[in-house]
Amino acid sequence: MSKKIQAIRGMNDLLPEQSPRWQYLEECIRRLVAAYGYREIRMPILEQTALFKRSIGEVTDIVEKEMYTFEDRNGDSLTLRPEGTAGCVRAAEEHGLLFNQQQRLWYAGPMFRHERPQKGRYRQFHQVGVETFGLEGPDIDAELIMMSARLWRELGILNALTLELNTLGSSESRQAYRQALTDYLSQYHAQLDEDSQRRLTTNPLRILDSKNPQTQALLQDAPRFDDYLDEDSRAHFNGLCQLLDAAGIQYTLNPRLVRGLDYYGKTVFEWTTQALGAQGTVCAGGRYDALVEQLGGKTTPAVGFAMGVERLVLLLETLKVFPDRIDQTVDVYLAANGEGAESYALLLAERLRSEYPDLRLLTHCGGGQFKKQIKKADQSGAQLALLLGEEEMSRGVASVKFLRQDLEQTELPISDLARFLKDHLQSR
């Protein structure tokens, strides 16, 4: 026997019993972004490698170690997208969406990074991204954060999340601080962890985000970025904080929040939770005012965020806040016995779906006695079973069996079934 082919490590299947929870989350997000006037954009998952090297930064962990990159048959270097912002900027610029325009866009789909798979972190993972272009004030930063907070409230998880805020200032202030931080940490090079030693010459700001306790202890006396922050960025950040205060959104100032992508400047933020262990960030974003120009367009202010779908689903499951009904995929199971009844049942099912479009109805196929069919009806999770035999069909009725309620089985005229089902199911 030949060896079975299995899924690639870190690229997981989403099974039928899991997909309703994803669909519920995705529908909540779709409603939310529509309520704020955001429009959907869909980009390819494969882009030129140069797009990510120019946007994310060649000395980031993503570009150096995590991207799925290969040469196609023409010798072009292509990469499976590790994040969505760069592709969104490329698409918006390529199709003329940014010229003298303001845009509020969103997208959803798979991303790819070659990391060590962990709970809530996979090599193929899914994100929802929200991006805005042409708006430079702190009000749009605040709107994005308010939008995410509204989603958490609607999902019932706001109390389990903490908003962390920081500003990375202008490129000039970052450069000045980078030099000061490098000078300070160079004195302790031997005491830094291996990753931080490497980052000291490539991306020293990322050291601020180190999880190594010894490195964090060294950072206690490091220069503070606030001492190097330019006045324009300070005023922008203060304006954002005032808007969030007015909206009643609580936040924590985290001067070591730097994000892992080179294109961020000014506002950066993360929503984190303690409920998922080490993988605690469920949403993150910030400003990237220089990225459009960096990718060949004109200077365009921009800000956005991305949410990890796997982590959000995991958080909703951990907190047990999914509505009960989303795991119930069937409302009614239609069972039939007898050749004529079985044929008629298929037509009846179509009629019921037309008269009651929201009905989730599963028709039994394959024959068998009612006892066996009722067992399958119960296993399906349906609320009701409709039983149709030759004798019932001749009288124009169907039997209704209540699978989740202690009620007597009853008969109804077939012509009344759609109205009965609608009244009964909507009252539950």
Side-chain angles (χ1 to χ4, degrees), residues 28-29 31-39 85 88-89 98 101-106 128-174 177 224-259 261 263-273 280-292 299-307 312:
C28 289
I29 293 170
R31 286 199 309 269
L32 179 81
V33 293
Y36 281 78
Y38 285 70
R39 300 185 299 160
T85 300
C88 185
V89 171
L98 303 184
Q101 297 178 70
Q102 297 176 347
Q103 296 288 352
R104 287 176 165 90
L105 305 173
W106 76 279
V128 174
V130 177
E131 317 285 2
T132 73
F133 300 97
L135 299 159
E136 61 183 357
D139 50 354
I140 188 62
D141 302 21
E143 178 181 275
L144 288 173
I145 292 173
M146 292 174 188
M147 178 196 296
S148 58
R150 180 175 295 277
L151 178 62
W152 313 145
R153 281 195 299 271
E154 291 180 0
L155 293 173
I157 60 174
L158 181 59
N159 291 339
L161 292 169
T162 298
L163 173 63
E164 298 183 15
L165 277 182
N166 193 23
T167 178
L168 299 181
S170 66
S171 59
E172 293 78 14
S173 59
R174 284 196 304 280
Y177 178 65
R224 291 176 55 86
F225 183 66
D226 190 61
D227 294 333
Y228 297 81
L229 187 62
D230 58 288
E231 287 307 313
D232 180 62
S233 297
R234 192 185 304 279
H236 184 101
F237 191 65
N238 288 340
L240 169 62
C241 291
Q242 289 170 10
L243 288 167
L244 296 179
D245 290 339
I249 295 178
Q250 297 182 342
Y251 54 88
T252 298
L253 298 179
N254 180 359
R256 296 183 183 175
L257 177 62
V258 294
R259 307 290 296 119
L261 306 172
Y263 51 64
Y264 283 112
K266 288 190 176 178
T267 305
V268 287
F269 64 90
E270 290 187 359
W271 287 96
T272 62
T273 180
T281 301
V282 298
C283 175
R287 277 209 159 263
Y288 49 96
D289 293 341
L291 183 56
V292 175
T299 302
T300 305
V303 59
F305 67 76
M307 299 178 275
L312 278 174

Fill in: Nearest-0.5 Å distance, CZ of residue R150 to CG of residue L158
11.5 Å

Worksheet entry | Spatial distance of atom CG (L135) from atom CD (Q103) [nearest 0.5 Å] | 10.0 Å

Practice prompt. Find out whether N166 and Y264 are in side-chain contact, i.e. whether some heavy atom of one side chain is under 4.5 Å from a heavy atom of the other.
Written response: no

Worksheet item: Any side-chain heavy-atom pair from D289 and E136 closer than 4.5 angstrom?
Response: no

Worksheet item: If you take all heavy atoms of C88 and L105, which pair is closest and at what distance?
Response: SG-CD1, 4.1 Å

Practice prompt. Check the surroundings of atom CG in D227: do more than 12 heavy atoms from other residues, nucleotides or ligands lie under 6.0 Å from it?
Written response: yes

Item to complete: For S170 and D232, run side-chain contact (heavy atoms from CB on, under 4.5 Å): C-alpha distance rounded to whole Å, both residues' side-chain angles, the deciding distance at 0.1 Å, then the answer.
Response: CA-CA 8 Å; S170 66; D232 180 62; over 6 Å; no

Item to complete: Could you tell me whether the side chain of E270 reaches within less than 4.5 Å of the side chain of L257, counting heavy atoms only?
Response: yes

Worksheet item: Which atom pair, heavy atoms only, marks the closest approach of L253 to C241?
Response: CD2-SG, 4.4 Å

Discussion item. Quick check: do L312 and W152 have side-chain heavy atoms less than 4.5 Å from each other?
Written reply: yes

Item to complete: Kindly indicate, with the supporting measurements, whether the criterion side-chain contact (heavy atoms from CB on, under 4.5 Å) is fulfilled by V268 and V258.
Response: CA-CA 7 Å; V268 287; V258 294; over 6 Å; no

Fill in: Heavy-atom closest pair, residues T300 and G134
CG2-N, 3.7 Å

Fill in: Stepwise side-chain contact (heavy atoms from CB on, under 4.5 Å) test for I145 and L240
CA-CA 10 Å; I145 292 173; L240 169 62; 4.3 Å; yes

Fill in: Within 6.0 Å of CZ in R256, more than 12 heavy atoms from elsewhere
yes

Response to the item:
In this structure, CG of L229 is separated from CZ of R234 (nearest 0.5 Å) by 4.5 Å

Worksheet item: Would you find more than 12 non-hydrogen atoms of other residues, nucleotides or ligands less than 6.0 Å from R153 atom CZ?
Response: yes

Fill in: Carboxylate-amine/guanidinium contact E143 R104, below 4.0 Å
yes

Discussion item. Just so I know, are the side chains of E131 and Y288 near enough to count as touching, which here means a heavy-atom distance under 4.5 Å?
Written reply: yes

Discussion item. For a 4.5 angstrom cut-off between non-hydrogen side-chain atoms, does I157 reach T273?
Written reply: no

Worksheet item: Any chance CD of Q250 has more than 12 other-residue heavy atoms, nucleotides or ligands included, within less than 6.0 Å?
Response: no

Worksheet, complete the sentence: Note: C283 and M307 closest approach over all heavy atoms is SG-CG, 3.7 Å

Worksheet item: Are any side-chain N or O atoms of T132 and backbone N or O atoms of V303, one a donor and one an acceptor, separated by less than 3.5 Å?
Response: yes

Practice prompt. For the pair N254 (side chain) and L165 (backbone), establish whether a donor and an acceptor sit closer than 3.5 Å, ignoring hydrogens and angles.
Written response: no

Fill in: Residue pairs passing the ring pair (Phe, Tyr, Trp, His ring centres under 6.0 Å) test where at least one lies in residues 231-256, sequence neighbours excluded
none

Fill in: Shortest non-hydrogen separation from Y38 to V130 and the atoms involved
CE2-CG1, 3.4 Å

Item to complete: Going by the side-chain hydrogen bond (donor to acceptor under 3.5 Å, both in side chains) test, name the single residue among D141, T167, T267 that passes it with R287.
Response: D141

Worksheet item: If you draw a 6.0 Å radius around CD in E164, do more than 12 non-hydrogen atoms from other residues or ligands fall strictly inside?
Response: yes

Worksheet item: So do I140 and F133 actually touch side chain to side chain, heavy atoms under 4.5 Å?
Response: no

Worksheet item: What are the two closest heavy atoms between S173 and F225, and how far apart are they?
Response: O-CE1, 3.8 Å

